[in-house]
Peer 1: 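Just dropping this structure here.
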Amino acid sequence: MDIISRAAERFGNSPAVIMAGKTISFIEYNRRARQIAESLFSRGARRGDIVAIAAPNSPEMTLLLAGVLKAGMIAAPLNERFPEERLRKTVEKLRPRLLVTSSQKSLTDVASSVTVTSLLDEAAESTTPEAVEAPDGMDRPVTIIHTSASSGEAKAVVHSFANHWYNALGSHENLPFGPGDCWLLSLPLCHIGGYSLLFRSLIFGGSLAIAAPGEALDQSLLNFPLLTHLSLVPTQLYRLLADQKSTTLLRKLKAVLLGGSAVPKSLIEEALRQKIHLSISYGSTEMGSQIATSPASLSTIEQNSCKILPYRELRVAQDGELLVKGPCLFQGYLRNGIIQPQTDDEGWFHTADIGTLSEKGEVTVLGRKDNMFISGGENIHPEEIEKALMMIEGIREALVVPIPDKEYGQRPVAFIKTIAGKKTDEQSITEAMHSLIGKLKTPIRYFPAEQWVTLPGSQKIDRGWYRKLASPPSGAPFES
């Protein structure tokens, strides 16, 4: 029995998907997924084929992904907000059997293509009586999720059924999600934080609330009064806490899972002051989502430490890099049609994250190896400086990048976003930073930032863009 049929048998008429004015039960979800699988087969796709989907979050998108899973095919959800040329190149590298697009996208010259609407119409008209139930082989590939490309080109991460299964099991032990619970699908399904919720719902019986495409997050909180769980990145939480009505709604939730980037101490403190049930998470696409997470609901800032979840292993290499393995670890990157494993001889994946691991199993992430630079012969992690800046009163967010320097090789400069109504000046910031992290790591320049420039189709800040902006126009080293 496949996972969707299993969910239908276990959870029956309980809601699987909730949308404005309508719900889809697990039984209906299974029936619709079977119809979509039949339509995929009728279009020539077979088990093991890649089906790319370029469409925004919607109830239809979840049904499509369920149909692909039911058919035993490999789903490759793509960020439909990518520029068309980038989307085209991504599809070319995937070589999918079929491309399912929103009506706005036209990539028919790249792959055999069908719109979401057309495929769903075909599925609704299907009269094939035989159930399509692909066996859930634990090692079979089921998804290709692209990394956010915070440095370099996005990588096509191939996950097996087991990767998603064990990630969901370990996450559930720390943050239960079952019948009667409702998780807002606030992260894109083309990102691992969004897709992983599908498995959690199917395994444990919680429902997913899905807003209309383009609906603002604060409006979604109003439209779904039965919400219990929510996933956010720090920027989203900032915006919600700035609105009293949204803050009141957040207090009613069982859990707000926060991840995706470093979380400022001031944001955690404000969330706790507002009595938000907050959990901080460290994860990666390659590990299927969460790796380590704080307790289910923080009560003090001192609890802001992430513990390794079940079915994951983590250790620290001699150079401080975090290494991971376990049944959540992906199969490899898809390159030229071949899955290329990325583990060392002992089975560890090198995350490129720098961090520490305490005797209690608490993980602290200091930064990325590819963000690190050398100043005066010392390794400098921009994330460490950013965390220190965000401890200073009045600074809400910060980004640090290096610029050339004749004496030191490179020196840090900072872009900062301040809290409305709070005044800061460069001299007081510099004095505070000298006390917090020393003179060498203190930025030599501060630039105001009102709105961050992010990577295409992502909420991650484009460090490369800011590095170019901060560097001298001539490219000559700065004289400190």
Side-chain angles (χ1 to χ4, degrees), residues 1-19 22-43 45 47-78 96-98 100 102 114 116-124 126 128 130-137 140-145 159-161 163-165 167-168 177 182-183 185 187-192 194-210:
M1 180 183 296
D2 70 272
I3 188 174
I4 306 174
S5 298
R6 173 181 176 273
E9 186 175 277
R10 292 187 65 192
F11 309 119
N13 287 315
S14 297
V17 177
I18 300 176
M19 63 203 91
K22 185 180 179 181
T23 63
I24 298 176
S25 70
F26 281 96
I27 290 176
E28 176 68 7
Y29 194 65
N30 181 49
R31 186 184 71 81
R32 298 282 294 277
R34 186 186 69 242
Q35 289 178 325
I36 292 169
E38 291 167 350
S39 293
L40 293 170
F41 281 123
S42 71
R43 282 186 164 269
R47 289 186 174 89
D49 284 346
I50 296 173
V51 177
I53 306 172
N57 277 17
S58 65
E60 292 78 15
M61 178 70 159
T62 62
L63 290 172
L64 287 174
L65 290 170
V68 175
L69 185 62
K70 169 81 78 172
M73 298 169 191
I74 305 171
L78 305 176
R97 172 69 65 179
L98 185 65
V100 184
S102 59
V114 62
V116 172
T117 304
S118 298
L119 186 62
L120 292 179
D121 286 345
E122 289 177 12
S126 173
T128 307
E130 297 180 9
V132 179
E133 294 187 359
D136 286 334
R140 73 175 181 91
V142 296
T143 59
I144 299 171
I145 307 287
H159 295 110
S160 69
F161 185 93
N163 298 154
H164 291 299
W165 178 271
N167 190 285
F177 175 60
C182 181
W183 204 312
L185 195 62
L187 301 178
L189 285 162
C190 59
H191 291 180
I192 193 61
Y195 185 91
S196 62
L197 294 182
L198 298 184
F199 263 69
R200 296 196 69 176
S201 172
L202 289 170
I203 295 172
F204 299 111
S207 59
L208 299 181
I210 306 175

Peer 1: Quick one: closest heavy-atom pair of Arg140 and Met73, and the distance?
Peer 2: NH1-O, 3.9 Å
Peer 1: Name each donor-acceptor pair under 3.5 Å that joins a side chain in residues 48-68 to protein atoms two or more places apart or in another chain, with its distance.
Peer 2:
unit_1	atom_1	unit_2	atom_2	d
Asp49	OD2	Arg46	N	2.7
Asp49	OD2	Arg97	NE	3.1
Asn57	OD1	Leu189	N	2.8
Asn57	ND2	Leu187	O	3.0
Ser58	OG	Glu60	N	3.4
Ser58	OG	Glu60	OE1	3.3
Ser58	OG	Met61	N	3.0
Thr62	OG1	Pro59	O	2.6

Peer 1: Considering all heavy atoms of both residues, which atom of Ile203 and which atom of Arg10 are nearest to each other, and what is their separation?
Peer 2: O-NH1, 3.1 Å
Peer 1: Rounded at 0.5 Å granularity, tell me how far NZ in Lys70 sits from CZ in Arg32.
Peer 2: 13.5 Å
Peer 1: Using 0.5 Å steps for rounding, measure from the NE2 atom of His159 to the CG atom of Asn167.
Peer 2: 8.0 Å
Peer 1: How long is the gap from CG on Leu197 to CG on Leu202, to the nearest 0.5 Å?
Peer 2: 11.0 Å
Peer 1: Could you note down all residue pairs passing side chain to side chain donor-acceptor pair (under 3.5 Å) where residues 194-205 supplies at least one of them, sequence neighbours left out?
Peer 2: none
Peer 1: So, applying ring-ring contact (aromatic ring centres under 6.0 Å, His included) with Phe199, which one of Phe177, Trp165, Phe161 is it?
Peer 2: Phe161
Peer 1: Does any N or O in the side chain of Asn30 come within less than 3.5 Å of the main-chain N or O of Ile27, such that one atom is a donor and the other an acceptor?
Peer 2: no
Peer 1: Minimum heavy-atom separation for Pro77 to Cys190, with atom names?
Peer 2: O-CB, 3.5 Å
Peer 1: If you look at every heavy atom in Leu119 and Ser39, which pair is closest and at what distance?
Peer 2: CD1-CB, 3.8 Å
Peer 1: In plain terms, say whether Glu9 and Arg6 are close enough for a salt bridge, that is, a side-chain N and a carboxylate O under 4.0 Å apart.
Peer 2: no
